[in-house]
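Below is one structure, written out as structure tokens; the observations come after it.
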Amino acid sequence: MKLTLSAVLLLCSCAGPRPASIVVFQEAASQTGLTFVHNPQLSGEFFMPEIMGAGVAWIDYDNDGDLDVYLIQAKPQTNQLFRNELIPAGRLQFTDVTKAAGVGLAAYGMGVATGDYDNDGFVDLYITNFGPNVLFHNNGNGVFTDVTAQAGVGDPRWSTSAAFLDYDRDGDLDLFVLNYIDFTPTNNKACFAPSGERDYCTPKAYNPVNATLYRNEGNGKFSDVSARSGITAARGPGLGVTITDANEDGWPDLFVANDTAANLLWINRKDGSFREQGLASGVAYSEDGLAKAGMGVAAGDYNNDGDEDLFVVNLTREGATLFRRDGPLLFQDASLATGLRPMTFSYTGFGAGWLDYDNDGFLDLFIANGAVTIIEQLRGQPYPFQQPNLLLHNQDGKKFSDVSASAGPALQLSEVSRGAAFGDVDNDGDSDILVANNNGPARLLLNQIGNRNPSITVQLSAGLSLNARVGLIRKGSPTLWRRAHSASSYLSASDPRVLFATGGLSLEGLLVEWPDGYRERFPVKAGSKAVTLRRGAGQRN
């Protein structure tokens, strides 16, 4: 029997015995052939990169209409690519195609970014590492080629999250890469837990390293414009990045979560340069003036007021931070007001994302948790960093409730989770989750309840559509806005398709604001479950 969302919330909010668990997400990695175990190659020396990886990506690399999976590993093992056989087989099953596709990179992997940098219609892969990064060009025939050297994007430092975006709006995707700290095995420092035993250091033991901005020159080559663009003017131990339009001028801005340092908000000045406005806009620190241990980030309109809010997950005993946007370059810390801080206070969050898991029209939150220093209660265990993940339900755009305990066995797993990516892997009209565990198996969380409520999936087909905004025009209600993005969370890349809940609504059309500012309106047929919108095929708006 399926419970409606309202019934679930009623059960969770009433006094009395805890409600019986319902399966909101079913863990299905092994049964679908997604057999992968991350191995950080523990040295016994407590090298910091061991505890920080790794990420995951949804990528439809073969353009067959379903999401494939790329998973990051630590050498001497290799990263793996799994092809989704949903189309044409009709059932969700994965096949390891790593060797055939040529993407079995053996590096000390961290994260992955996706984007079609050469506008050939096939999505490419950028891999960040502890060591030189790698760009794989998708040849369109199921095979990738390592083009790092000719592209000039092999940053040799410890890189973490990365994002493709057209920051100069010239029609091709540029690349922004976060770097963390100046750690090397030769400068490894001995850090200790309060008990006196060896433990992993915090980033404060090392110096932060500035990010890198690569401009796409349109000929398969990139140029490093970091200094010229101004993004070297401020630095921090960067871990999470997402694209947003913080000042509502139609140009992409960059929000960066720093670990134990002030967050950064890079505002696009529309002349090839950026100005850092984190402190002035209210996102550098929490409302109590603290620079927290920012890891994963997510941008989304949780209260459906038409602009994107920013979410950051932090260390245990800090709580996550929700920056509500109240206008251009005006953010307010709403963590306490929404109930998010106490619900996340006991966890160290990494992967994070907005998703409307129950298709009720409000964006909920999923957080992938796992500690980086010894958890006292787990002392003596081989890997004492495990924590359960969190599913937080958005009740009304004002408050959140923790529904993890009643969401089924998949949310009861306690592991060392890191990257998380979000997308509809089985094409059934709801959001699924892919989770990477440090020193553990990848997890595929299949949504079991979202498709009980109707939805529409929007795919943008154009030479350049990544980071476009899509608006669902609803009769008698404000337009609902979402972004077609892949970069957010932690070290991971998500499904760029946009999913809207449509239950009980009369739809009047879709709006698209393309990355170059072109805006057009498209009709929507009643009952449509999936549409592909092509640039220039709509009515200019």
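The shown structure was predicted, so the numbers you read here are calculated from the model rather than taken from an experiment. In this chain, residues are counted from 1 in sequence order.
- When only modelled atom types and interatomic distance are considered, N451 and D428 share a side-chain donor-acceptor pair under 3.5 Å.
- Side chain of T242 to backbone of S488: no donor-acceptor contact under 3.5 angstrom is found.
- The only option from N369, V372, V416 that meets the side chain to side chain contact (heavy atoms under 4.5 Å, CB included) definition with F350 turns out to be V372.
- For the pair S159 (side chain) and N129 (backbone), a donor-acceptor distance under 3.5 Å is absent.
- Side-chain contact annotation: T212 with D155, donor-acceptor N/O pair under 3.5 Å present.
- The aromatic rings of Y117 and F222 are tilted relative to each other, their planes meeting at an angle between 30° and 60°.
- Side-chain polar atoms of D96 and Q80 form a donor-acceptor pair below 3.5 angstrom.
- Side chains of Q73 and T78: no donor on one and acceptor on the other come within 3.5 Å.
- How far CG of D309 is from CG of L322: 6.0 Å, rounded to the nearest 0.5 Å.
- When all heavy atoms of I243 and A299 are compared, the closest pair comes out as O-CB, 4.2 Å.
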Applying side-chain hydrogen bond (donor to acceptor under 3.5 Å, both in side chains) to D259 and Y180, what does each step give before you reach the verdict? CA-CA 9 Å; D259 188 359; Y180 191 43; 2.6 Å; yes
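- Residues G65 and N427 share a closest heavy-atom pair of O-ND2, 3.0 Å.
- The aromatic rings of Y357 and F25 sit tilted relative to each other, their planes meeting at an angle between 30° and 60°.
- The main-chain N or O of I51 is found under 3.5 Å from a side-chain atom of R418 such that the two form a donor-acceptor pair.
- The aromatic rings of Y206 and F183 stand perpendicular to each other, their planes meeting at an angle above 60°, with 30° marking the opposite boundary.
- Using a 30° and 60° split on the angle between ring planes, F400 and Y302 fall in the tilted class, from 30° to 60°.
- Side chains of L105 and F136 form a contact here, defined as non-hydrogen atoms less than 4.5 Å apart.
- Judged purely by distance below 3.5 Å, without hydrogens or angles, the side chains of H38 and N437 never pair a donor atom with an acceptor atom.
- Separation of atoms CG (N79) and CD1 (I72) is listed at 4.0 Å; rounding is to 0.5 Å.
- Inter-residue side-chain proximity for L34 and V69 is flagged as met; some heavy-atom pair is nearer than 4.5 Å.
- Between D68 and F82, the shortest heavy-atom contact is CB-O, 3.3 Å.
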Derivation and outcome, side-chain hydrogen bond (donor to acceptor under 3.5 Å, both in side chains), residues D182 and N207: CA-CA 6 Å; D182 65 351; N207 296 315; 3.2 Å; yes
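- Side-chain contact of N210 with T232: a donor-acceptor pair under 3.5 Å is absent, judged by distance alone.
- Checked against ring-ring contact (aromatic ring centres under 6.0 Å, His included), F46 has the following partners two or more places apart in sequence or in another chain: Y200.
- Rounding to the nearest 0.5 Å places CZ of R317 at 13.5 Å from OG1 of T344.
- Residues T321 and N314 have side chains that bring a donor and an acceptor to within less than 3.5 angstrom of each other.
- Judged by distance alone, the side chain of R483 and the main-chain N or O of N467 form a donor-acceptor pair under 3.5 Å.
- Considering NZ of K292 and CD of E318, their distance stands at 6.0 Å, rounded to 0.5 Å.
- Proximity of a side-chain donor or acceptor of S494 to a complementary backbone N or O of F422 within less than 3.5 Å is detected.
- Remark: the S414 side chain and the Q387 side chain contain no N/O donor-acceptor pair separated by less than 3.5 Å.
- Residues Q459 and V498 are not in side-chain contact: their nearest non-hydrogen atoms beyond the backbone lie 4.5 Å or more apart.
- Counting heavy atoms from C-beta on, the side chains of L254 and L165 come closer than 4.5 Å.
- Residues Q26 and L445 are not in side-chain contact: their nearest non-hydrogen atoms beyond the backbone lie 4.5 Å or more apart.
- Judged purely by atom type and a 3.5 angstrom limit, D424 uses its side chain to pair as donor or acceptor with the backbone of G429.
- Counting only heavy atoms from C-beta outward, the side chains of T160 and Y490 never approach each other to under 4.5 Å.
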Would you sort out whether Q93 and L86 count as a side chain to side chain contact (heavy atoms under 4.5 Å, CB included), showing the intermediate values? CA-CA 6 Å; Q93 191 68 32; L86 180 68; over 6 Å; no
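- The OG atom of S486 sits 13.0 Å away from atom CZ of R497, with the distance rounded to the nearest 0.5 Å.
- Taking 4.5 Å as the limit, some side-chain heavy atom of L340 sits within range of a side-chain heavy atom of F311.
- There is no side-chain donor-acceptor pair under 3.5 Å between N133 and T128.
- A donor-acceptor contact closer than 3.5 angstrom is absent between the side chains of D124 and N138.
- Between V425 and N84, the shortest heavy-atom distance links the atoms O-ND2, 3.2 Å.
- Nearest heavy-atom pair across P252 and Y167 is CG-CA, 3.9 Å.
- When atom types are taken as modelled, the side chain of T148 and the backbone of L135 share a donor-acceptor pair closer than 3.5 angstrom.
- In this structure, F130 CZ and K75 NZ are separated by 9.0 Å, a value rounded to the nearest 0.5 Å.
- Aromatic ring orientation, F144 versus Y61: tilted (interplanar angle from 30° to 60°).
- Across all their heavy atoms, L446 and A28 have their closest contact at CD1-CB, 3.6 Å.
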